[in-house]
Participant: 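The structure follows.
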Amino acid sequence: TVFLDMTGVVDYLDVMCITTGETRIQNRAIADCVVERLKEYDIIPDSLQGYQSGSWIVLDYSWLVVHVMLPEIRSFYRLEDLWSEGEVLDI
């Protein structure tokens, strides 16, 4: 799991999280956990995409975007490289 500081890179996002689950079911479980944990702070996603297929799930909270991907999807799209201007956060 990597967190990227996107402030100063784009004006519509503060943090991007990219993580990997080994299966579609695990990706859904990760997404469910993120949604439930943030819901404890009254933070709900503006949108949730890809949950049905489970291969690449995107949780959009406006200031935070979480990508939950299968390993082959993550290695193909290489979002860390695409957004390499974002500083890796030590969380």
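In this chain, numbering begins with 1 at the start of the sequence shown. All values reported here derive from a predicted model rather than from experimental measurement.
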Participant: Does V15 have any side-chain contact (heavy atoms from CB on, under 4.5 Å) partners at least two apart in sequence or in another chain, and if so, which?
Facilitator: F3, L64, L89
Participant: Distance check, rounded to the nearest 0.5 Å: H67 atom NE2 versus I73 atom CD1?
Facilitator: 13.0 Å
Participant: In chain order, what residues pass the ring pair (Phe, Tyr, Trp, His ring centres under 6.0 Å) check against Y77, with sequence neighbours excluded?
Facilitator: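 Y77 satisfies ring pair (Phe, Tyr, Trp, His ring centres under 6.0 Å) with W56 once adjacent residues are dropped.
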Participant: Is there a path of hydrophobic side-chain contacts, each under 4.5 Å between heavy atoms of I/L/V/M/F/W/Y residues, joining V10 to V88?
Facilitator: yes
Participant: Tell me whether V68 is reachable from V35 by hopping between hydrophobic residues (I, L, V, M, F, W, Y) whose side-chain heavy atoms are closer than 4.5 Å.
Facilitator: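 Yes, V35 and V68 fall within the same hydrophobic cluster.
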Participant: Calculate, to the nearest 0.5 Å, the distance between atoms CE and CD1 belonging to M16 and I18 respectively.
Facilitator: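 So the gap between those two atoms works out to 5.5 Å.
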Participant: Got a second to check how far S55's OG is from L70's CG, nearest 0.5 Å?
Facilitator: 5.5 Å
Participant: In Å and rounded to the nearest 0.5 Å, what is the CD1 to OH distance from I43 to Y61?
Facilitator: 8.0 Å
Participant: Could you check Y51 against N27 for side-chain hydrogen bond (donor to acceptor under 3.5 Å, both in side chains), going step by step and ending with a plain yes or no?
Facilitator: CA-CA 8 Å; Y51 188 87; N27 282 355; over 6 Å; no
Participant: Would you say CD of Q26 has more than 12 non-hydrogen atoms from neighbouring residues, nucleotides or ligands within 6.0 angstrom?
Facilitator: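 More than 12 heavy atoms, drawn from other residues, nucleotides or ligands, come within 6.0 Å of this atom.
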Participant: Between atom CG of L59 and atom SG of C17, what is the distance when rounded to the nearest 0.5 Å?
Facilitator: 9.0 Å
Participant: Are V34 and M6 connected into the same hydrophobic cluster when the rule is that any two of I, L, V, M, F, W, Y join if their side-chain heavy atoms are below 4.5 Å apart?
Facilitator: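 Different clusters: M6 never reaches V34 through Ile, Leu, Val, Met, Phe, Trp or Tyr contacts under 4.5 Å.
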Participant: Can you pull out every side-chain hydrogen bond (donor to acceptor under 3.5 Å, both in side chains) where at least one residue sits in residues 35-49? Sequence neighbours excluded, please.
Facilitator: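 The answer is D46-S62.
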Participant: Does atom CD (E80) have a neighbourhood of more than 12 heavy atoms from anything else shown, all under 6.0 Å?
Facilitator: yes
Participant: Testing the basics here: between P71 and G21, what is the closest heavy-atom pair and its distance to 0.1 Å?
Facilitator: CD-O, 3.2 Å
Participant: Decide if atom CD1 of I25 counts as having more than 12 heavy atoms of other residues, nucleotides or ligands within a radius under 6.0 Å.
Facilitator: no
Participant: May I ask whether V9 and L4 are part of the same hydrophobic cluster, defined by side-chain heavy atoms of I, L, V, M, F, W, Y residues being less than 4.5 angstrom apart, directly or through others?
Facilitator: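 Same hydrophobic cluster.
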Participant: Do the side chains of I30 and V58 join up, straight or via other hydrophobic residues, at under 4.5 Å, putting them in one cluster?
Facilitator: no
Participant: Do L79 and R74 touch side chain to side chain, with heavy atoms closer than 4.5 Å?
Facilitator: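 When only atoms from C-beta onward are counted, R74 and L79 do not touch, as no gap falls below 4.5 Å.
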